[in-house]
J.: 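My questions will all concern the structure given below.
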Amino acid sequence: MPLKIYNSLTRTKEIFEPLNKGYVGMYVCGPTVSGESHLGHARPYITFDVVYRYLKHLGYQVRYVRNITDAGHFEEEGRVAEDKISTKAILEKLEPMELVQKYTNLFHWAMKQFNNIEPNIEPTATGHIVEQIGMIEKIIADGYAYVVNGSVYFDVNKYNEDFSKKGLPYGILSGRNLEEQLDTTRDLDNQHEKRNKADFALWKNAPPEHIMRWQSPWGEGFPGWHIECSAMATKYLGTQFDIHGGGMDLQFPHHECEIAQSTVCNHTAPVRYWMHNNMITINGRKMGKSYNNVIKLTELFTGSHPLLEKAYHPMTIRFFILQSHYRSTLDFGNEALQASEKAFKRLWEAYENLQKISIDNIEAADVELDKKINKQIAEFTEFIEDDFSTAKVLANMFEIVPVINAIKNKQLAQNTLSKNTIALMQQQFTLFIEEIFGLKFQEDNNEKLSDILQLLVDIRKEAKAKKDFVTSDKIRNELAQLGVLLKDEKDGTVSWSFI
RNA sequence: GGUCCUGUGGCCGAGUGGCUAGGCAGAGCUCUGCAAAAGCUUCUACACCAGUUCGAAUCUGGUCGGGACCUCCA
């Protein structure tokens, strides 16, 4: 069964074949560290973490590159041409790089909370000014960019004319054509610098008050946003690489510009498979600064936001995201998150129960059920290979959960399933839940706490034996108040979990 | 205005022609000192109208609604 990926470029699901056998190059647009990450940002990084994990599981040697945009882009291109990062830095009375460091650290912390594996290379825009300048020089030399007042602009019209003949028109990714755009692009002041409204900045002349600035052949300035990804992707993944990921909102103009720049520079279209995740919405509206509806990750984890009924654990968010398809919008809501929280807990407990099942029977007592479960397990792979349908894998898992619990609680005969089936379940659940989905249930595994709880459980047991239900209920109820749930198992033992 | 996506039961959300998606919530039952947990059973659905078809949530056309991008954006 080959892996199929929906390619935004062709708008079809394609069988994934890497450029070089056994190796995969993957680039994902990282955060702009001028502020705190919010819930919306969680989506691409979790989505592509699963992609990365799965490719590695398939045995590929993957180089995963995810940039940090620390040079800022324009607030309003052509009008004020201010660097977003330095503007805010003045307000906060911080050095620009201090601000960048602060939010980079916070971002890394959040990624860790989500159990995302770090990329292999995490290049910064400011660390690759030289490469960006080099790329811009090449584009100018080839005649696809021009210099005006210390700024450099990409000549979209010329590019479109020449490369349309080669089947690479400007707009190929986002499915729009240049002529229509020219009519609809908004009027900007400072427009006279550009030959064409659709042209975009490769390098921007820095006004005196601009703090972040670098020397260049065109004077002091700073790079345009789009060029950083092209420069860093080329440097670390080559002139052509396998997968480029990012949010759908980056498709135009960011990714479109990347294609144009890289194609001019490297004489080849840069990316084989473009993958775009959809947005997280709140009341049906995209979460974003401009809509003033963001829930920061720190607020989410602590519950400190008016829209939140409670704090949500990072794993709840991860599970919530995996329960939908990455190309669909996902609507935030307390009810939805609490559903995910409970569902994940239930799945995890069943998973733990599964690992404890130990049986010897070669033959399944219930052949039909045994067969059905084998089919559902086989579908895990089928679904994930179908453009990463994590939601369907989880649905299948939940079909199997009752069977696991029933065997564990002896509501089903111990020999219901065959030894091989149980072994396969144990192996595949571990593979998908932990390795591919990157889920883990974080409990306070404090030994002292466990001993104390065990003591309370023992006291309660003695009280129950004496039919002193007042005492036994007191222990159970008050522990519940403290967030510890006691469960009387069928075999007489008592287990607990943290709510 | 242009390009594109979307409308599924109380909530979230799979699903592209015929098969129970799944989770949470609700109802009933079993187990239990009681409860919880667990298991079993169960209710609520495909925006609207027309068409194609033996058959449509799924395809086509239209109507209405929501959204994204066209400007920084995950």
Side-chain angles (χ1 to χ4, degrees), chain A residues 11 28-32 34 37-48 69 72-79 84 171 174-177 179-186 188 198 225 245-254 256 276-281 283-291 294 319-320 323-325 327-344 346-347 349-350 353 383 389-399 401-412 464 467 469 472-473 476-477 480 485-490 495 497:
Chain A
R11 287 150 199 260
V28 174
C29 287
T32 301
S34 61
S37 301
H38 59 73
L39 174 59
H41 295 114
R43 191 144 198 211
Y45 307 128
I46 288 170
T47 297
F48 292 107
T69 297
H73 4 291
F74 316 133
E75 205 68 76
E76 285 175 291
E77 191 183 64
R79 189 175 297 165
K84 194 200 265 181
S174 51
R176 52 192 87 205
N177 70 61
E179 288 73 29
E180 278 168 4
Q181 266 184 264
L182 295 183
D183 296 337
T184 56
T185 305
R186 205 170 48 161
L188 296 167
W225 173 36
M248 261 179 191
D249 48 353
L250 298 183
Q251 205 170 40
F252 190 92
H254 185 55
E256 205 70 73
H276 291 100
N277 63 276
N278 214 320
M279 302 293 104
I280 287 183
T281 58
N283 296 324
R285 177 138 237 163
K286 174 188 168 183
M287 193 175 285
K289 270 184 204 164
S290 26
Y291 296 122
V294 298
F319 184 87
F320 174 63
Q323 263 189 313
S324 69
H325 189 90
R327 281 191 290 109
S328 304
T329 54
L330 175 57
D331 203 42
F332 159 87
N334 281 289
E335 221 179 319
L337 279 181
Q338 279 161 36
S340 288
E341 185 177 72
K342 286 186 183 171
F344 176 48
R346 195 166 115 89
L347 176 66
E349 284 177 358
N353 289 337
F383 292 154
S389 299
T390 55
K392 289 172 97 176
V393 175
L394 287 174
N396 264 27
M397 284 183 181
F398 277 104
E399 300 244 17
V401 162
V403 178
I404 294 170
N405 287 336
I407 291 175
K408 187 243 173 191
N409 293 329
K410 305 200 165 54
Q411 286 151 323
L412 273 177
K464 273 175 75 176
K467 299 222 184 289
F469 295 123
S472 70
D473 284 355
R476 187 180 66 201
N477 294 340
L485 189 69
L486 294 187
K487 286 184 263 188
D488 293 327
E489 303 288 353
K490 298 272 184 240
S495 64
S497 64

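All values below come from the heavy atoms of this structure, side chains included, with hydrogens, waters and symmetry mates left out. A, B, ... follow the sequence lines: proteins, then strands. Residue 1 opens every chain.
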J.: Does the B/A35 base have a donor-acceptor partner in the side chain of A/Asp473 within less than 3.5 Å?
T.: no
J.: Heavy atoms under 4.0 Å, any strand shown: does A/Lys342 hit a base, just sugar-phosphate, or nothing?
T.: sugar-phosphate
J.: Is A/Asn405 near enough to B/G39 that one of its side-chain N or O atoms lies under 4.0 angstrom from OP1 or OP2?
T.: yes
J.: Decide, applying a 5.5 Å centre-distance limit and a 30° plane-angle limit (both strict), whether A/Phe469 stacks on B/G33.
T.: yes
J.: Could you tell me how far B/G26 sits from B/A37 if I compare only their P atoms? Round to whole Å.
T.: 10 Å
J.: N/O contacts under 3.5 Å, protein versus nucleotides 17-19 of chain B?
T.:
none

J.: Using every non-hydrogen atom in the two residues, find where A/Asp331 and A/Phe320 come nearest and quote the distance to one decimal.
T.: O-CZ, 3.5 Å
J.: Between B/U20 and B/U42, how many Å separate the two C1' atoms, rounded to a whole number?
T.: 13 Å
J.: So what's B/C24 paired with, Watson-Crick or G-U wobble, going by both distances under 3.5 Å?
T.: B/G10
J.: 5'-most contact on RNA chain B: A/Lys464 or A/Ala343, nearest heavy atom basis?
T.: A/Ala343
J.: A/Ser389 side chain N/O closer than 4.0 Å to the phosphate oxygens (OP1, OP2) of B/A14?
T.: no
J.: With a 4.0 Å cutoff (strictly under), does any side-chain N or O of A/Arg285 reach OP1 or OP2 of B/A68?
T.: yes
J.: Nearest heavy atom decides the nucleotide; on that basis, is A/Gln323 or A/Gly288 closer to the 5' end of RNA chain B?
T.: A/Gln323
J.: What protein N or O atoms touch nucleotides 40-48 of chain B N or O atoms at under 3.5 angstrom, if any, and at what distances?
T.:
none

J.: With both distances under 3.5 Å as the test, what is the Watson-Crick or G-U wobble partner of B/A38?
T.: B/U30
J.: With both distances kept under 3.5 Å, what pairs with B/U3, Watson-Crick or G-U wobble?
T.: B/A68
J.: Let's test this: given Watson-Crick or G-U wobble pairing with both distances under 3.5 Å, identify the partner of B/G51.
T.: B/C59
J.: Considering only heavy atoms and no angle criterion, is a donor-acceptor pair shorter than 3.5 Å present between the side chain of A/Arg476 and the base of B/C34?
T.: yes
J.: Would you say a side-chain N or O of A/Ser328 is under 4.0 Å from OP1 or OP2 of B/A14?
T.: yes
J.: Just jot down the side chain to side chain contact (heavy atoms under 4.5 Å, CB included) partners of A/Ala480, sequence neighbours excluded, or say none.
T.: none
